[in-house]
Amino acid sequence: MKIFLDTANLEEIRQGVSLGVVDGVTTNPSLVAKERKPFREHVLEICRIFEEQKIAAAVSAEVVSTDSEGMVREGRELAKWHKFIVVKCPTTAEGVRACSVLSREGIKVNMTLVFTPSQALLVAKAGAHFVSPFIGRLDDISEDGLAMVRQIVEIYRNYNFKTEVLAASLRGPLHVVESARMGAHIGTMPYKVFEQLFKHPLTDRGLEVFLKDWEKARESLGDILAPAKTGSR
Ligand code: E4P
């Protein structure tokens, strides 16, 4: 499963990318607005962070027009900025039309704000590169976000659609793990959730004990980094 960070914050992206396990970023107008930076330069800076680490990332940047002509115009422009950019369009009828046009031109499109398997079916037919079902926001209104992902994965497998399932609006590690178990190709998550993926109190406690035990026997153990004595291997 690929891991994307759902943030436009450069520090969070740098931190995540330095771990070597982050494959991309999803931004949306709300996340970008929080950073208060010129959009183009900001998105290009995100791409550069991956480039410096030689990671061929996917960086989603969203259109803000609501008519298909406007979305297509913005999408073509966004795609020119950097080869990592994936154009994000909302899953309205206008968005689906824009997706069909952009996909036929070879521009990668991430169809966002997906809340039903039927929307996911349509965006796959329109050639979307990614479909973004929003799990947490469905859970918020007492529906089952993970069940939606399961159905989308099932439909895509039945018809061998190439569109990758990008599980979005993930609110905690269980959303990530369950999406992975169902076969979602990607999970995008806030930095806070990313951190929760690798933190465990027993890991911290275990390490503390290992190091205490090592310290007690330090004199007899020697130094890992000390040069080997001649004749020893
Ligand atoms: C995905 O691309 C969206 O930016 C995101 O996952 C929305 O998540 P939220 O419901 O936590 O805002």
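All ligand and atom numbering here is 1-based and tracks the order in the structure.
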Within a strict 4.5 Å, meaning less than it, do heavy atoms of the P133 and V165 side chains meet? yes
Protein contact to atom 2 (O) of ligand 1 [nearest heavy atom, distance to 0.1 Å]: K88 NZ, 2.7 Å
Is the shortest N/O to N/O distance between S169 and ligand 1 below 3.5 Å? yes
Would you say that more than 12 heavy atoms from the other residues, nucleotides or ligands in this model lie under 6.0 Å from the OH of Y159, or not? no
Any luck finding a side-chain donor-acceptor pair between T7 and E12 under 3.5 Å? yes
Will you find, in the side chains of S60 and T26, an N or O donor that is under 3.5 Å from an N or O acceptor? no
Counting heavy atoms not belonging to R14, are there more than 12 under 6.0 Å from its CZ? yes
Does a side-chain heavy-atom distance below 4.5 Å link K88 with N28? yes
Report the nearest protein non-hydrogen atom to atom 12 (O) of ligand 1: residue, atom name, distance rounded to 0.1 Å. R137 NH2, 2.8 Å
Under 4.0 Å from any heavy atom of R171, which atoms of ligand 1 are there? 10 (O), 11 (O)
Per-atom contacts, ligand 1 versus T26 - under 4.0 Å to a heavy atom: 2 (O)
When you compare ligand 1 with T27, is there at least one nitrogen or oxygen pair between them that comes in under 3.5 angstrom? no
Taking N or O atoms only and a 3.5 Å limit, does D6 qualify as a polar contact for ligand 1? yes
What atoms of ligand 1 come closer than 4.0 angstrom to any heavy atom of N28? 3 (C), 4 (O)
Would you find a donor on one side and an acceptor on the other, under 3.5 Å apart, between the side chain of T91 and the backbone of T112? yes
If you count the atoms of ligand 1 from 1 in the order shown, which ones are under 4.0 Å from a heavy atom of A168? 1 (C), 6 (O)
